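Below is one structure; the comments refer to it alone.
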Amino acid sequence: MSLKDKEKWNRKYRMPGDHSGEAACEWLADNTDLLTGAGRALDVAAGAGRNAVFAAEHGYDVLAVDISEVGLEKARARAAKHRVSIRTETADLDAYRFEENAFDLILCFNFLDRGLFPGLRQALKPGGLIFYETFNLDHLKYTSFRQEWVLKYNELLRVFQDYRILRYREVDSGLAGIASLVARKPSA
Ligand SMILES: C[S@@+](CC[C@H](N)C(=O)[O-])C[C@H]1O[C@@H](n2cnc3c(N)ncnc32)[C@H](O)[C@@H]1O
């Protein structure tokens, strides 16, 4: 990821109508029953923090990581508005060193960098949960995204095949194609 991309996202988050006003992603909100609310959570490419703040409201000690300091500034403001606190880290995930066996919950929404899969798998504690949701191949019908920016069919199932898949779906809504997963890392 280049400085140009960082600037692109900063500009986006400075514009009115960005993600900061939105509620947490449905895939997270609809599966709240799986959240224990105990321990540390990592929100990867957290943006303006809608999911990070949701996790903090559900009892997690949250670290939100993103390349955009403007997005993370909004995330902190959002946390304050919701009377919770989150930690934020401005970092390029392309060159990020994940803490190993550190997180009880990992969230990754609307972001795909296949190079991160090993790091995410290592960062999760045994018994921890990962929520992953982003666009899949069906989405190419609706956008000019490049094929490598979207998940292949069943790709998340393959990446986390040794985890216990708790919930999974691929939905083509007619406006977007999205794959969503919740999986638990096996206990040591
Ligand atoms: C579509 S937004 C998703 C934000 C958030 N997950 C959500 O669903 O509201 C993608 C996010 O990825 C971040 N991002 C893109 N490339 C990145 C990189 N190399 N390292 C860290 N964050 C990056 C952007 O700044 C942006 O906040």
Side-chain angles (χ1 to χ4, degrees), residues 1-32 35 41-58 60 62-82 84 86-99 103 105-120 122-124 129-136 138-140 142-146 148-151 156 169 171 173 175-182:
M1 190 60 52
S2 66
L3 259 181
K4 224 167 105 192
D5 293 303
K6 180 184 174 83
E7 267 321 300
K8 180 188 95 178
W9 283 103
N10 276 340
R11 261 199 313 279
K12 200 169 151 66
Y13 286 121
R14 280 190 198 105
M15 278 162 52
D18 65 24
H19 293 301
S20 56
E22 291 173 21
C25 290
E26 265 178 37
W27 183 247
L28 179 58
D30 289 352
N31 289 298
T32 317
L35 301 179
L42 172 68
D43 188 2
V44 176
R50 53 187 174 161
N51 299 315
V53 169
F54 186 88
E57 287 179 309
H58 284 77
Y60 288 93
V62 181
L63 173 63
V65 178
D66 199 282
I67 201 168
S68 167
E69 66 272 15
V70 180
L72 291 178
E73 203 178 300
K74 292 198 159 191
R76 289 191 297 275
R78 185 184 180 90
K81 197 168 149 200
H82 287 247
V84 291
I86 60 169
R87 286 177 304 120
T88 61
E89 185 178 349
T90 306
D92 181 351
L93 286 161
D94 282 355
Y96 192 72
R97 281 181 67 101
F98 289 95
E99 244 184 281
F103 296 97
L105 175 70
I106 294 182
L107 307 175
C108 187
F109 283 81
N110 303 306
F111 182 75
L112 179 61
D113 176 350
R114 291 181 171 83
L116 295 187
F117 287 142
L120 293 176
Q122 283 170 9
L124 199 57
L129 286 179
I130 181 157
F131 280 63
Y132 205 118
E133 178 175 81
T134 195
F135 300 109
N136 73 357
D138 287 329
H139 200 59
L140 299 181
Y142 311 114
T143 60
S144 54
F145 277 20
R146 286 197 226 137
E148 66 264 28
W149 295 348
V150 298
L151 290 164
L156 290 176
R169 71 178 184 197
V171 175
S173 68
L175 294 170
I178 294 177
S180 318
L181 163 133
V182 189

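Note that ligands are numbered from 1 as they come in the structure, with each ligand's atoms numbered from 1 the same way. Since we're looking at a predicted model, the values are computed, not measured.
- Scanning for salt bridge (charged side-chain N to carboxylate O under 4.0 Å, His left out) contacts around Glu148 gives Arg146, with sequence neighbours left out.
- Formation of a donor-acceptor pair under 3.5 Å by the Asn51 side chain with backbone atoms of Leu28 is not found in this model.
- With 3.5 Å as the limit, one finds no donor-acceptor pair spanning the side chains of Glu73 and Tyr13.
- At least one heavy atom of Asp92 sits closer than 4.0 Å to an atom of ligand 1.
- No side-chain N or O of Thr134 forms a donor-acceptor pair with one of Asn110 less than 3.5 Å apart.
- Distances from ligand 1 to the non-hydrogen atoms of Tyr13 include at least one value under 4.0 Å.
- Among the atoms of Leu93, some N or O lies under 3.5 angstrom from an N or O of ligand 1.
- Contact atoms of ligand 1 toward Ser68: 25 (O) (distance under 4.0 Å to a heavy atom of the residue).
- Using a 4.0 Å cut-off between a side-chain N of Lys or Arg and a carboxylate O of Asp or Glu, Glu133 and Arg169 qualify as a salt bridge.
- Of the candidates Leu107, Asn110, Thr90, Ile67, the one placing a heavy atom closest to atom 22 (N) of ligand 1 is Ile67.
- Considering backbone and side-chain atoms together, Ala45 places an N or O closer than 3.5 Å to an N or O of ligand 1.
- Nearest heavy-atom pair across Phe98 and Gly119 is CD1-CA, 3.6 Å.
- Ligand 1 lies less than 4.0 angstrom from a heavy atom belonging to Ala91.
- Checked by distance only, ligand 1 and Phe109 come closer than 3.5 Å through their nitrogen or oxygen atoms.
- The backbone N or O of Ile67 lies less than 3.5 Å from a partner atom in the side chain of Lys6, making a donor-acceptor pair.
- Proximity annotation for atom 17 (C) of ligand 1: of Trp9, Phe111, Tyr96, Phe111 comes nearest, heavy atoms only.
- Short contacts between ligand 1 and Ala46, defined as distances under 4.0 Å to a heavy atom of the residue, involve ligand atoms 5 (C).
- Of the options Lys74, Lys12, Arg50, Lys6, the smallest heavy-atom separation from atom 9 (O) of ligand 1 is shown by Arg50.
- Taking the ring centroids of Phe109 and Phe111, they lie at or beyond the 6.0 Å cut-off.
- Gly71 does not count as a contact of ligand 1, since none of its heavy atoms falls under 4.0 Å from the ligand.
- Note: no N/O pair closer than 3.5 Å links Val44 and ligand 1 by distance alone.
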Discussion item. Evaluate Leu140 against Phe145 for side-chain contact (heavy atoms from CB on, under 4.5 Å), listing each step before the verdict.
Written reply: CA-CA 6 Å; Leu140 299 181; Phe145 277 20; 3.9 Å; yes
